[in-house]
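All values derive from a computational prediction rather than experimental measurement. Chain identifiers are assigned alphabetically (A, B, ...) following the order of the sequence lines, protein sequences preceding nucleic acid strands; residue numbering begins at 1 within each chain.
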Amino acid sequence: MPELPEVETTRRGIAPWLETRRIRTLLVRERRLRWPIPAGMERHFAGNVVTQVRRRGKYLLLQTRTGTALLHLGMSGNLRVLPAVTAPGKHAHYDIVLENGECVRFTDPRRFGSLLWTDEDPARHPLLAELGPEPLEPEFDGEHLWRRARGRRVAIKAFIMNAAIVVGVGNIYASESLFRAGLNPRRAAGRISRSDMERLARSIREVLEDAVACGGTTLRDFRDGHGEPGYFTAELRVYDRAGLPCPECGTPIRHLVQGQRSTYFCPRCQR
DNA sequence: ATGGGCACCTGGCTGC
DNA sequence: TGCAGCCAGGTGCCCA
């Protein structure tokens, strides 16, 4: 479900409800997420105060007075701000309950999401330490992509979906970025010119910024922190549009599979 | 080091 | 209606 724009949208939705607030308790109903929630997780939350809600790639970081909770939404997860006494749905795996009873609830049918804790600098956590730059920050640019692509034969689509190269680009926005940059998703990363990499970096940035401005993309079930869908779905130019005319040239959009993931592109506009 | 494939899960949709 | 088969927004890990 969530790529960078959806995670950022979620962050913006829940941050005002959590920052500076004291947690009454963490209520866990299902510990079997991607990594089982450790038995002692609750004690990190009870009575603690959230100082900041940040994002690194597709991870949400709840910074507290004593450490940092690392949340991941996986494929199908979402976080919702809810009033006190809201009956949990089938896959409501944990609630972060505030002192007044309001809660932020994690729901995730597929259980690919996670909830981890670190007492140390979260940037040093093994899951975050090796991540590439944030695509909306200045250190991400065409030169970075070009440099990291030297000698690499992977398809450019897989390359930009690799979080060690750049974070936040998932399956939807990879196709969309490559369309905007006019690059064929099958091209070897190492064979793309410096100037095309500049274009690609700009495209990635623009697509993600536009999607954040729209509150993300809702294909099936993405909801922000308050249950609202994202409106970038209407702006998608190629994703999930196989056979439909390319918005630039009218050629039917093609579908192909790369690394078990669907790719969509215009065979005429993308070389 | 790199690249490719698998696994982890549930639910929704399609087609017989 | 029922059911098998396929697909889905992520990503860590294993193997060649």
Side-chain angles (χ1 to χ4, degrees), chain A residues 1-11 29-37 55-60 70-79 89-93 106-116 125-132 135 147-178 185-191 204 207-208 211-212 214-224 229-242 255-264:
Chain A
M1 169 207 297
E3 304 183 35
L4 183 149
E6 292 74 36
V7 178
E8 177 61 19
T9 297
T10 299
R11 188 195 70 77
R29 299 185 192 83
E30 174 60 83
R31 314 196 85 91
R32 297 173 302 163
L33 301 186
R34 169 134 205 215
W35 291 284
I37 299 174
R55 179 187 57 74
R56 178 74 177 100
K58 297 172 192 167
Y59 285 90
L60 287 168
L70 306 182
L71 284 60
H72 199 290
L73 306 179
M75 287 273 263
S76 56
N78 68 271
L79 287 164
K90 189 171 177 198
H91 303 288
H93 303 319
F106 178 69
T107 300
D108 180 14
R110 294 176 78 177
R111 291 195 273 119
F112 288 171
S114 52
L115 173 60
L116 302 163
H125 190 278
L127 292 174
L128 305 187
E130 308 301 324
L131 294 179
R147 233 183 323 107
R148 294 295 304 269
R150 293 310 84 211
R152 303 285 300 265
R153 304 166 74 156
V154 263
I156 186 63
K157 191 210 179 200
F159 183 73
I160 61 173
M161 287 179 70
N162 180 349
I165 303 300
V166 56
V167 296
V169 181
N171 203 40
I172 296 177
Y173 300 111
S175 283
E176 293 297 313
S177 303
L178 289 164
R186 285 185 283 208
R187 296 236 335 244
R191 288 223 188 134
I204 290 171
V207 166
L208 296 177
V212 169
C214 288
T217 297
T218 297
L219 245 36
R220 304 176 174 71
D221 50 11
F222 170 70
R223 298 287 137 152
D224 71 11
Y231 296 104
F232 193 73
T233 319
E235 310 298 321
L236 296 175
R237 306 212 185 137
V238 291
Y239 187 84
D240 205 19
R241 298 181 61 79
H255 171 259
L256 66 105
V257 175
Q258 295 178 285
Q260 303 112 254
R261 314 300 299 275
S262 279
T263 301
Y264 301 87

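For A:Arg110, no side-chain nitrogen or oxygen approaches OP1 or OP2 of C:dA8 to under 4.0 Å. Remark: A:His72 is not in phosphate contact with C:dG10, judged by side-chain N or O atoms under 4.0 Å from OP1 or OP2. Side-chain nitrogen and oxygen atoms of A:Tyr59 include at least one within less than 4.0 Å of the OP1 or OP2 phosphate oxygen of C:dG12. Within the structure, every side-chain polar atom (N or O) of A:Thr217 is placed at least 4.0 Å from both OP1 and OP2 of C:dG9.
Rounded to a whole Å, the NZ atom of A:Lys90 is 8 Å from the C1' atom of B:dT10. Atom CG in A:Asp108 sits about 13 Å away from atom P in C:dG10, given to the nearest Å. For the pair A:Ile165 CD1 and B:dA1 P, the interatomic distance rounds to 14 Å; values are reported in whole Å. Rounded to an integer number of Å, the gap from A:Glu3 CD to C:dT11 C1' is 13 Å. Here C:dA8 presents its P atom at 14 Å from CG of A:Asp221, a figure rounded to the nearest Å. Rounded to whole angstrom, the span from the CZ atom of A:Arg32 across to the P atom of B:dT10 amounts to 7 Å. Here the P atom of nucleotide C:dT11 and the CG atom of A:Asn162 are 11 Å apart, to the nearest Å. In this structure, CZ of A:Arg261 is placed 14 Å from C1' of B:dG4, rounded to the nearest angstrom.
In the interface, the side chain of A:Arg220 is paired with the base of C:dG9 through a donor and an acceptor atom under 3.5 Å apart.
Nucleotides B:dG3 and C:dG9 have their C1' atoms positioned 23 Å apart, rounded to a whole Å. If you take atom P in B:dG5 and the same atom in C:dC7, they sit 15 Å apart, rounded to whole Å.
Side-chain contact of A:Ser76 with A:Asp108: a donor-acceptor pair under 3.5 Å is present, judged by distance alone.
Side-chain N or O atoms of A:Asn171 include one that pairs as donor or acceptor with a backbone N or O of A:Ser262 at under 3.5 Å. Distance alone, capped at 3.5 Å, is enough to place a donor-acceptor pair between the A:Arg55 side chain and the A:Gly57 backbone. Looking at A:Glu30, its side chain does come within 3.5 Å of a backbone N or O of A:Arg32 through a donor-acceptor pair. Checking side-chain atoms of A:Arg223 against main-chain N and O of A:Asn78 turns up no donor-acceptor pair under 3.5 Å.
The side chain of A:Trp35 lies closest to C:dG12, out of C:dG9, B:dG11, C:dG12.
When heavy atoms are screened at a 4.0 angstrom cut-off, A:Tyr173 is found touching no nucleic acid atom at all. Contact annotation for A:Gly259: no contact, since no heavy-atom pair falls under 4.0 Å across all strands.
Mapping A:Gln260 and A:Arg111 onto DNA chain B by nearest heavy atom places A:Gln260 at the nucleotide closer to the 5' end.
Pairing for C:dC6 is with B:dG12, a Watson-Crick or G-U wobble pair whose two hydrogen-bonding atom distances lie under 3.5 Å.
In this pair, A:Tyr239 and A:Tyr264 present their aromatic rings perpendicular. The plane angle is above 60°, beyond the 30 to 60° band.
Taking the 5.5 Å centre cut-off and the 30° plane limit, the aromatic side chain of A:Phe112 is not classed as stacked on C:dT11.
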